[in-house]
Enquirer: 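What follows is a structure written as structure tokens; I'll ask about it next.
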Amino acid sequence: MPTPESRFRLLPWTSPDGRPCYLSADNPRSRLSRLADDVEAAQLSSGAQVLGGAEAVLADPRAGVRELRFTTARLTESLRDALRVADSRGGRLPMPTEPEDGG
């Protein structure tokens, strides 16, 4: 994974063969960068909806194996997306600087 100083943004999608995609972060307002922002927002919103649905399934004592497996699959997808967004955003945080006084 690139380091924050490498100035590459991890995108919220992968290549057709499942490899990570990166964007040069020179212009955070470029069309592709804004598209990535929109996709990240949609992924996080979807994750919140999946979480609400999972809570409902777990609260239903009649939920069967099929419902639980489906819910687990959707939660796994949402968690993968959320972790990718966190990695991407964390990679764009400025590096902390050392205090001049050494403390």
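Values in this document were obtained by computation on a predicted structure and should not be read as measured data.
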Enquirer: Do any N or O atoms from the side chain of Thr71 and from the backbone of Glu67 form a donor-acceptor pair under 3.5 angstrom?
Expert: yes

Enquirer: Determine whether Leu23 and Leu35 fall in the same hydrophobic cluster, where Ile, Leu, Val, Met, Phe, Trp and Tyr are linked whenever their side-chain heavy atoms lie under 4.5 Å apart.
Expert: yes

Enquirer: Given Leu68 and Leu58, is the side-chain contact (heavy atoms from CB on, under 4.5 Å) satisfied, shown in steps?
Expert: CA-CA 8 Å; Leu68 292 170; Leu58 292 174; 4.0 Å; yes

Enquirer: State the OG1-CD distance between Thr72 and Glu77, to the nearest 0.5 angstrom.
Expert: 11.0 Å

Enquirer: Check Val57 against Ala63 and note the closest heavy-atom contact, atom names and distance.
Expert: O-CB, 3.6 Å

Enquirer: What distance do Ser78 atom OG and Leu83 atom CG have between them, rounded to the nearest 0.5 Å?
Expert: 11.0 Å

Enquirer: Which pair of non-hydrogen atoms, one from Cys21 and one from Thr14, has the smallest distance, and what is that distance?
Expert: SG-C, 3.6 Å

Enquirer: Is it true that Arg29 and Asp37 make a salt bridge, defined as a side-chain N closer than 4.0 Å to a carboxylate O?
Expert: no

Enquirer: Nearest 0.5 Å, please: how far is CZ in Arg84 from CD in Gln43?
Expert: 8.0 Å

Enquirer: For the residue pair Ala54 and Leu75, what are the closest heavy atoms and their distance?
Expert: CB-CD1, 3.7 Å

Enquirer: Does the structure place the NZ or CZ of Arg74 under 6.0 Å from the centre of the six-membered ring of Phe70, at an angle of no more than 45° from the ring's axis?
Expert: yes

Enquirer: Measuring from atom OG of Ser30 to atom CG of Leu32, what distance do you get when rounded to the nearest 0.5 angstrom?
Expert: 5.5 Å

Enquirer: Do you know which two heavy atoms are closest between Pro28 and Ser33, and how far apart they sit?
Expert: O-OG, 3.0 Å

Enquirer: Are Phe8 and Leu10 connected into the same hydrophobic cluster when the rule is that any two of I, L, V, M, F, W, Y join if their side-chain heavy atoms are below 4.5 Å apart?
Expert: yes

Enquirer: Would you say Tyr22 and Trp13 are hydrophobically clustered, going by side-chain heavy atoms of ILVMFWY under 4.5 Å?
Expert: no

Enquirer: Are side-chain N/O atoms of Ser88 and Arg92 paired as donor and acceptor at under 3.5 Å?
Expert: yes

